[in-house]
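Below is one structure, written out as C-alpha cells; the observations come after it.
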Amino acid sequence: MPDAPDRVAVPTRDPRAEPPGGSAAKDPAGSSAGAPDFLGRALADARSPRVPALSPYVPERPFPWSSPGLPLSDGGRRQTDAAAASRGPRRGAAAGARTDSGHRLATTGTSTLGAAPIRHDAPLDLARLLGLSLAASAGTSGRLRPVPSAGALHPVRAHLLVGPGCSLPPGRYAYDPHTHRAHPRGPAPDGVPAGVLVVLTVAASRTVAHYGHRAWPLLLLDAGHAAALAQAGPPTADVLVCLDADGALLSAAAGLPRAPARHSEWQAAELEPPLAAVWFTPSGGPVRTIDPLSAWATRARASAPVRAPDPPIAQPRELSYTQRLLSLLAQAPARPAGTWHPASRPEGVTGKTLTTRRSAPPDDLRRPPERELLASVLTTARTASPAGPDWTVVTGGAAPALYTASPGRPGLLLHAHGDARPTLAHWAARQTWIGTTGAVLLAHGCPDDASPAEVRISHLAAGYAIGQAQTHATALGLRSRPIGSWQQADLGAALGEAPGRDWIVHGLALGAPPAKTTTPPATRTATPLTTRTATPLTTRTATAPAAPTAAPRATRPTPHSTAPPAPGTTARTTPPGEEERP
C-alpha cells in the first residue's frame with residue numbers, strides 16, 4: 001500500500017478497550033477468556049478475501065530510547081556524548097571500515113564512550129553481528145536492510161542482553177538500527193551467562209496501517225525473518241534460537257512491562273509484544289546449564305523510553321486488535337522457558353551473502369532452477385526448525401509439478417502433477433507474476449483449529465526457515481523473493497485432502513540466474529526424477545481464480561472450484577504494500 005497521506009481514516013478507540021470479536025473478561029496477561037474462539041475468527045479473517053480498509057499513513061516513530069547511545073564501532077576514532085547527540089537520531093553510523101551493509105565496523109582494539117569501554121577484539125563483536133543482520137544501510141531511509149520485511153516496514157526491534165565476552169559492557173541495551181547504536185537500559189544481573197541474548201519484539205503500527213487485519217501474520221513472519229540473524233554469528237560462537245518462550249518471561253528478561261501495564265506506565269512508547277530470542281555464546285565455554293531468560297529476569301524492570309511531551313493518542317481499532325492478538329500468541333504456559341534449538345549457517349553463506357541478499361524483481365524469477373539446487377534449498381528450510389511447518393516445492397518448466405523432500409535420501413519426491421502456479425498467484429493476493437515464476441517454496445500447515453502455540457510457532461518458524469532458505473539460495477546463485485500474503489490458500493483441500501487442515505503460511509519464489517547467450521533457456525530443462533505414484537493436482541478456491549496463462553496439466557477440479565472471473569475484471573499484480581518489499 002503506497003505511503004499516501006490522503007488515505008481514509010479508520011475508526012479509533014481507546015487502547016484499553018475490549019478487542020474486537022469478544023467482550024469477555026480478560027486474565028492478568030490481557031488475553032480474552034474466549035481466546036480459542038477469538039483466535040479462530042482472527043485466523044479465518046486473515047485468510048479471507050476481505051480487502052484491508054484504508055487507514056492514514058503512519059510515519060515511523062522516533063526511536064524511544066533517544067539518549068546518545070554507544071556507537072557499536074568507531075574505527076578507532078573517539079567520540080563524546082555531546083558530539084554523538086549533535087548528529088541526531090537518524091544520522092549514519094560512526095566512522096570506520098565499511099562492511100557490505102554500508103556500516104562501518106572495526107575488528108580490533110578498544111574504544112571508549114564516557115566510562116564504557118567497547119572492545120572490538122572481544123569474542124562476540126556486536127557491531128559485526130548486527131551490521132550483518134538488522135542494521136539499516138547507512139545513508140538510506142532505513143528501508144534497506146539485510147533481513148527482509150513485508151512492505152519494507154521493519155517492525156522488529158531488538159533488545160540486547162549483554163553478558164561477559166562481548167564488545168559492549170554487560171547490561172541491557174536497546175538497539176537502534178538506523179544509527180547502529182546501543183542505548184543502555186540498565187545493568188546486568190549477577191551470574192548471567194557469557195555472550196549476548198537478543199530478545200525480538202514487534203512494533204505493529206506501520207504494518208497494521210498498510211495491511212489492516214492481515215497484518216498480524218506478517219508481523220509473526222517478520223519476527224521469524226529477524227531471528228535469522230542467527231546466521232550472522234561468527235564461527236567462534238554457538239547459537240541457539242527460541243521461538244516459543246512465554247511472552248511474560250521474555251518481557252521480564254528484556255526489562256519490558258507486561259502488556260496491560262504498558263499502557264499506564266509506558267504511555268510514550270508503542271506496545272512491543274516479545275516473540276522470539278536468539279542466544280550467542282562463545283564456543284568452548286562451560287556446559288550451559290542455566291536458563292538464560294530466567295537469569296536475566298531476576299533483575300527489576302530496566303529503564304523506560306523517553307516520555308513524549310504530548311498526551312497519548314487513541315489508537316486505531318485495528319492496531320489495538322492486533323496488539324491484543326500478538327500478546328495472546330506470546331503466551332506459552334506449557335513451556336515458559338521455551339525450547340532452544342541449535343542454529344546453523346547454510347553451506348556457502350558468508351557475510352557478503354547476508355548483506356547482498358535482495359528480493360529479485362518478478363521478471364528475474366522466470367527461469368526454473370535446477371532440481372539439485374531446489375532440493376538443497378528445501379533441505380535448508382526443513383531442517384531450520386524441528387517444530388516448524390511442512391514444506392513443498394512447486395515447479396514450472398516443461399513438466400510442472402509439486403515436490404516434497406525424499407525421506408532418508410537427497411533429492412525431491414514427486415507429490416502431484418500439474419501447474420499449481422496460477423492457483424498460487426490467485427491465493428497470493430492475485431500477484432499474477434507468480435504464475436510464471438520458476439519455482440515456489442511453500443511452508444504449510446496451521447489448521448483452522450490450531451492452538452495459539454501452534455499458530456505462533458507455525459508463522460515464526462516459517463519466517464525463520466524462509467530467511468535461512470533465501471540466504472542459502474543467494475549463496476547458490478539463485479534469485480528469490482519472499483511471499484507473505486496468502487488468502488484462501490488451502491493447499492490440502494486443493495490436493496484432495498480434508499479442507500481446513502493444511503494452509504499455506506509463507507512462500508519463497510525462486511528463479512535461476514539469467515541464461516548465458518550460448519545456452520537458451522529451452523535447453524536447460526531438467527530431467528524428471530523417478531518418483532512414487534503421484535496424487536493428481538486439484539484446485540480449490542472460495543472465489544473465482546485468476547485466469548491462468550495456460551491450462552493446468554493433469555489436473556481435475558474439486559467440488560470447491562468456482563467459475564472464472566467475470567468479464568472485464570482485472571487482477572492486481574501486487575497487493576498493497578508488496579510493491580515496497582525490497
In Å, rounded to the nearest 0.5 Å, how long is the span from [atom1] of [X] to [atom2] of [Y]?
X: Leu250; Y: Cys242; atom1: CG; atom2: SG; answer: 6.5 Å
X: Leu508; Y: Gln470; atom1: CG; atom2: CD; answer: 5.5 Å
X: Ile457; Y: Tyr464; atom1: CD1; atom2: OH; answer: 11.0 Å
X: Leu441; Y: Leu510; atom1: CG; atom2: CG; answer: 6.0 Å
X: Thr201; Y: Glu272; atom1: OG1; atom2: CD; answer: 3.5 Å
X: Trp296; Y: Leu197; atom1: CH2; atom2: CG; answer: 8.0 Å

Look at the side chain of [X] and the backbone N and O of [Y], then say whether any donor-acceptor pair between them is shorter than 3.5 Å.
X: Arg479; Y: Ala360; result: no
X: Arg185; Y: Ala254; result: yes
X: Thr353; Y: Ala475; result: no
X: Tyr211; Y: Ser485; result: no
X: Ser283; Y: Thr236; result: yes
X: His154; Y: Arg143; result: yes
X: Trp340; Y: Gly338; result: no

What closest approach, in Å, do [X] and [Y] show between heavy atoms, and which atom pair accounts for it?
X: Leu275; Y: Ala330; answer: CD2-CB, 4.3 Å
X: Leu249; Y: Ala337; answer: CD2-CA, 3.7 Å
X: Arg357; Y: Pro146; answer: NE-O, 2.9 Å
X: Val241; Y: Ala230; answer: CG2-CB, 3.9 Å
X: Thr298; Y: Ala295; answer: OG1-O, 2.8 Å
X: Trp486; Y: Gly507; answer: NE1-N, 3.8 Å

Side-chain heavy atoms of [X] within contact of [Y], under 4.5 Å:
X: Pro346; Y: Gln231; answer: yes
X: Leu161; Y: Val199; answer: yes
X: Val162; Y: Pro169; answer: no
X: Leu134; Y: Val156; answer: no
X: Gln331; Y: Leu328; answer: yes
X: Pro292; Y: Thr281; answer: no
X: Leu329; Y: Trp216; answer: yes
X: Leu72; Y: Leu130; answer: yes

Just do the side-chain contact (heavy atoms from CB on, under 4.5 Å) check on Ser327 and Leu271 with the steps written out, would you?
-> CA-CA 10 Å; Ser327 296; Leu271 180 67; 4.2 Å; yes

Yes or no on side-chain hydrogen bond (donor to acceptor under 3.5 Å, both in side chains) for Thr474 and Thr471, after CA distance, side-chain angles and deciding distance?
-> CA-CA 5 Å; Thr474 302; Thr471 52; over 6 Å; no

Between Leu325 and Thr322, does a side-chain contact (heavy atoms from CB on, under 4.5 Å) hold up when you go through it step by step?
-> CA-CA 5 Å; Leu325 184 57; Thr322 300; 5.6 Å; no

Could you tell me how the ring of His159 sits relative to the ring of Trp65: parallel (under 30°), tilted (30 to 60°) or perpendicular (over 60°)?
->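 Because their plane-to-plane angle is over 60°, the rings of His159 and Trp65 count as perpendicular.
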
Should the ring pair His506 and His225 be called parallel, tilted or perpendicular, given that the plane angle runs from 0 to 90° and is split at 30 and 60?
->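 Ring orientation, 0 to 90° scale: perpendicular.
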
Do His183 and Tyr175 have side-chain atoms, one donor and one acceptor, less than 3.5 Å apart?
->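 Judged by distance alone, the side chains do not pair up.
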
Under the salt bridge (Lys or Arg N to Asp or Glu O under 4.0 Å) test, which residues partner Arg456, sequence neighbours left out?
->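 Salt bridge (Lys or Arg N to Asp or Glu O under 4.0 Å) check on Arg456 returns nothing, list empty.
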
Between Val147 and Asp222, does a side-chain contact (heavy atoms from CB on, under 4.5 Å) hold up when you go through it step by step?
-> CA-CA 9 Å; Val147 172; Asp222 274 5; over 6 Å; no

All side-chain contact (heavy atoms from CB on, under 4.5 Å) counterparts of Thr383, not counting sequence neighbours =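 Scan of Thr383 (side-chain contact (heavy atoms from CB on, under 4.5 Å), adjacent residues dropped) gives Thr379.
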
Criterion side-chain contact (heavy atoms from CB on, under 4.5 Å) on Trp391 and Thr380, from CA distance to verdict | CA-CA 11 Å; Trp391 295 90; Thr380 296; over 6 Å; no

